[in-house]
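Scroll down for the structure; my scribbles are underneath it.
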Amino acid sequence: MSRKRVAVLISGRGSNMAALVEAAKAPDYPAEIALVLSNVPGAGGLALAEANGIATATVDHTRFGKDREAFERAVQAELEAHRIDIVCLAGFLRILTPWLVAKWEGQMINIHPSLLPAYKGLDTHARALADGATTHGATVHFVVPDLDAGPVILQEAVPVLADDTAETLGRRVLAAEHRIYPEALRMIATEYRLA
Ligand code: GAR
């Protein structure tokens with residue numbers, strides 16, 4: 001079995017990245033985490049990746065000013081240097097231009113902390129609570145130029161409890177994220193062949 005080479009793009013603690021790294025330790029998992037890339041120098045997840053012997057890269061977006069494409073060309077150069085097949089966005093807090101999204105059409109996925117199309121954008125847990133939602137959850141989807149849009153690969157719903165705060169609800173959603181992201185990556189990394 002040839003394993004797909006995956007880059008995980010992060011901006012922070014990287015708990016979803018860690019879930020992908022753990023899943024990829026299984027010998028029959030169809031993908032290996034070949035690169036963890038952060039736009040934030042010193043992001044917590046980088047140390048965890050290094051501790052697992054995974055190559056890391058930092059492309060600090062502040063070095064590129066307002067030139068989003070120059071930043072993305074530097075990201076793309078890292079992805080090509082590491083011969084990446086699939087890109088997983090995992091708390092990567094940069095909006096991507098159509099240029100980079102088009103390069104990875106069908107090969108770039110994202111995890112979002114809501115049941116899309118509900119609650120695109122930020123502060124999803126607080127907004128769900130403010131609306132009195134009784135169900136919330138997480139989504140893995142293909143990345144398209146529009147933010148938090150694109151075909152859904154997997155979703156998991158969680159209940160909203162009467163005494164939830166954004167923090168307790170967020171913890172429940174995060175646990176769901178850690179279940180569905182490795183499963184979604186398994187699905188898109190698996191090559192189905194007719195016998
Ligand atoms: C996760 O909850 C992820 O769904 C969210 O950021 C968090 C990153 O946590 N992403 C977004 O909100 C993107 N719109 P992590 O660094 O521990 O994986």
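Computed from a predicted structure; not experimentally measured. As the structure lists them, so they are numbered: ligands from 1, and atoms in each ligand from 1. Only this structure's heavy atoms are used, side chains among them; waters, hydrogens and symmetry mates stay out.
- Closest to atom 16 (O) of ligand 1 among all protein heavy atoms lies G14 N, 2.8 Å.
- Nearest protein heavy-atom contact of atom 14 (N) of ligand 1 is H112 ND1, 3.3 Å.
- The protein non-hydrogen atom at the shortest distance from atom 9 (O) of ligand 1 is R13 NH2, 3.3 Å.
- Taken from CG in L154 to CD in E177, the straight-line distance is 13.0 Å, to the nearest 0.5 Å.
- Between H136 and H125, the distance from one ring center to the other falls under 6.0 angstrom.
- Of all the heavy atoms in A90 and V8, the pair that sits closest is CB-CG1, 3.8 Å.
- One finds no salt bridge joining D146 and K120 here, because no Lys/Arg side-chain nitrogen approaches an Asp/Glu carboxylate oxygen to under 4.0 Å.
- Closest of all the heavy-atom pairs between E22 and K25 is OE2-NZ, 2.8 Å.
- In this structure, I111 counts as a contact residue of ligand 1, since one of its heavy atoms falls inside 4.0 Å of the ligand.
- Nearest protein heavy-atom neighbour of atom 1 (C) of ligand 1: E177 OE1, 3.2 Å.
- The distance criterion of under 3.5 Å between nitrogen or oxygen atoms is met by N16 with respect to ligand 1.
- In terms of heavy atoms, A74 sits closest to V59 at CB-CG1, 3.7 Å.
- Taking atom 5 (C) of ligand 1 as the reference point, the nearest protein heavy-atom neighbour is P113 CD, 3.9 Å.
- Summary of contacts: the protein heavy atom closest to atom 6 (O) of ligand 1 is G91 CA, 3.8 Å.
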